[in-house]
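For reference, the structure I am asking about is given below.
Worth saying up front: this structure is predicted, and the values here are computed from it rather than measured. In what follows, every chain begins at residue 1, and chains take the letters A, B, ... in the order their sequences are listed. In what follows, every heavy atom counts, from backbone to side chain, and hydrogens, waters and symmetry copies are set aside.
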There are 2 protein chains.
Amino acid sequence: MIPFRVVFQPGVPLYEQVAFAAKKAIVSGQLRPGDPFPSVRALSAEFKINPNTAHKVTGALLDEGLLEVRPGLGAVVADRPVSTAAERTRLLNREIEQLVVEAKRLRLSLDDVSAALDRHWSKLDSPQEAKR
Amino acid sequence: MIPFRVVFQPGVPLYEQVAFAAKKAIVSGQLRPGDPFPSVRALSAEFKINPNTAHKVTGALLDEGLLEVRPGLGAVVADRPVSTAAERTRLLNREIEQLVVEAKRLRLSLDDVSAALDRHWSKLDSPQEAKR
DNA sequence: ACATGTGTACTATGTCACACCATACACATG
DNA sequence: CATGTGTATGGTGTGACATAGTACACATGT
């Protein structure tokens, strides 16, 4: 069985949404290094998407270093996703700046954002359901 | 003179980048409620973009409630951007979740992200240059 | 040896966002 | 009346996205 679910939203590329769901599963430990990743055809059947679109999902995760491919066998979760200093600063600048601007536009307080950050962080620490 | 600058990045829509730069200027107080917003043709000339693209910029800011239009006169910065509860939860869930997933992928600590959040927050509080 | 399942590679079609060009109109101000 | 504003309308080109279909090299099962 495929260890993650997706509820498709309009306006966002399908392959991106599936890749993000998979990334969440990996990051949160539901898929661990060495675990087999669902095949292109399995993803295609499960999410009712074209095999080419499913292939784009694994391709995206491959580019990010989250998966490794065993030719003829399939893809497995990579041992240790590498990260460069450039990637870190890119994330910490562009993405957080966007978040701050949006939060200030909505007149949120820093405490509100910080609390939400803590909540989501611990939510992805262990595979337990968060309270609403 | 136009009170904000843009360094265009490939892969991101032009109108979105200009709108984000303007939003930053408004949120950080460099453009205050009642101030006149650059005209479509001024934006077009300044950033070397098509008038239609420039018009899409003001249209996007208009939809977000950051601008108001005086017919025949131009657009001015709106008095008080409204924010619905739906907008807040959308931001605090989808956008922060994305940030957390990316941060965990890059093996960053919560402290790192939290520190970057504080830094960007105060950076947009007053129009002073942040130290690098 | 053979069938099966895997990743991967092509070609092709259709839709849509994006950015451009150009023109035109209604409005308010000088 | 001319000028500058926002707004609307056509058209063109490029690229991403998702689809369909076909094909190949590889490894593993029997």
Handout entry: A:Thr53 side chain near D:dT19 phosphate (N/O to OP1/OP2, under 4.0 Å)
Key =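 Yes, because at least one side-chain N or O of A:Thr53 sits under 4.0 Å from OP1 or OP2 of D:dT19.
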
Handout entry: From CD (B:Glu87) to CD (B:Glu64), nearest 0.5 Å
Key =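 B:Glu87 atom CD to B:Glu64 atom CD measures 8.0 Å (nearest 0.5 Å).
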
Practice task
Please report, rounded to the nearest Å, how far the P atom of D:dT7 is from the NE2 atom of B:His55.
Solution key: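 Answer to the nearest Å: 4 Å.
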
Practice task
Could you tell me whether A:Arg119 and B:Glu97 have a side-chain N and a carboxylate O separated by less than 4.0 Å?
Solution key: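 So A:Arg119 does not pair with B:Glu97 through a salt bridge.
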
Exercise for the section: Ignoring hydrogens and angles, answer whether the base of D:dG21 and the side-chain atoms of A:Asn52 contain a donor-acceptor pair closer than 3.5 Å. Expected result: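 Answer is yes: a donor-acceptor pair is held.
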
Handout entry: N or O in side chain of A:Tyr15 less than 4.0 angstrom from D:dC17 OP1/OP2
Key =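 Looking at the OP1 and OP2 atoms of D:dC17, one of them is under 4.0 Å from a side-chain N or O of A:Tyr15.
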
Practice task
Take the protein atom NZ of B:Lys56 and the nucleotide atom P of C:dA17, then report the distance between them rounded to whole Å.
Solution key: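 My rounded result for the distance is 8 Å.
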
Handout entry: Among D:dC17, D:dA27, C:dT8, the one nearest A:Leu73 by side-chain distance
Key =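 Of the options given, the side chain of A:Leu73 lies nearest D:dA27.
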
Exercise for the section: Starting at NE2 of B:His120, measure out to CD1 of A:Ile96 and round the result to the nearest 0.5 Å. Expected result: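 It comes to 6.5 Å.
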
Problem - Between P of D:dT22 and CZ of A:Arg41, the distance in whole Å - result: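 Taking atom P of D:dT22 as the reference, CZ of A:Arg41 is at 14 Å.
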
Problem - Shortest side-chain distance from A:Leu14, nucleotide among D:dT19, C:dC20, D:dT7 - result: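 Shortest atom-to-atom distance from the side chain points to D:dT19.
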
Practice task
Go ahead and name the base partner of C:dT29; Watson-Crick or wobble counts if both distances stay under 3.5 Å, otherwise write none.
Solution key: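 Pairing partner: D:dA2.
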
Practice task
Return the value, rounded to whole Å, for the distance between atom NZ of A:Lys48 and atom C1' of D:dA18.
Solution key: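 These atoms are roughly 17 Å apart.
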
Problem - Whether B:Phe47 and B:Phe4 hold their rings parallel, tilted or perpendicular, with breakpoints at 30° and 60° - result: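 Ring orientation, 0 to 90° scale: parallel.
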
Handout entry: Earlier contact from the 5' end, DNA chain D, for B:Ala42 and A:Val12
Key =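 The residue mapped nearer the 5' terminus is B:Ala42.
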
Exercise for the section: Rounded to the nearest angstrom, tell me the gap between atom CD in A:Glu16 and atom P in D:dA16. Expected result: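 Roughly 13 Å, once rounded to whole Å.
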
Handout entry: Separation of atom CG in A:Leu61 from atom P in C:dG7, rounded to whole Å
Key =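 Value for this atom pair: 12 Å.
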
Handout entry: Side chain of B:Asn50 - closest among D:dT7, C:dC20, C:dT8
Key =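 The listed nucleotide nearest to B:Asn50's side chain is C:dC20.
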
Problem - Interatomic distance, A:Leu62 CG vs C:dT6 C1' [rounded to whole Å] - result: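 It works out to 14 Å between those atoms.
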
Exercise for the section: If D:dT7 has a Watson-Crick or G-U wobble mate with both distances under 3.5 Å, name it; if not, just say none. Expected result: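 For D:dT7, the partner nucleotide comes out as C:dA24, under the 3.5 Å rule.
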
Exercise for the section: Would you give the length of the straight line joining atom NZ of A:Lys24 to atom CZ of B:Arg105, rounded to the nearest 0.5 angstrom? Expected result: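 Here the interatomic distance stands at 16.0 Å.
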
Handout entry: Nucleotide nearest A:Pro13 (side chain, heavy atoms from C-beta), chosen from C:dC18, C:dT8, D:dC17
Key =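 It is D:dC17.
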
Problem - d(CG, A:Leu43; P, C:dG5) in whole Å - result: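 Those two atoms, CG and P, are 16 Å apart.
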
Practice task
Name the nucleic acid region contacted by A:Arg70, choosing base, sugar-phosphate or nothing; use a 4.0 angstrom heavy-atom cut-off, strictly under.
Solution key: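 A:Arg70: no heavy atom of the nucleic acid under 4.0 Å.
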
Handout entry: Under 4.0 angstrom between B:Ser39 side-chain N/O and D:dT5 OP1 or OP2
Key =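 For D:dT5, OP1 or OP2 has a side-chain N or O of B:Ser39 closer than 4.0 Å.
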
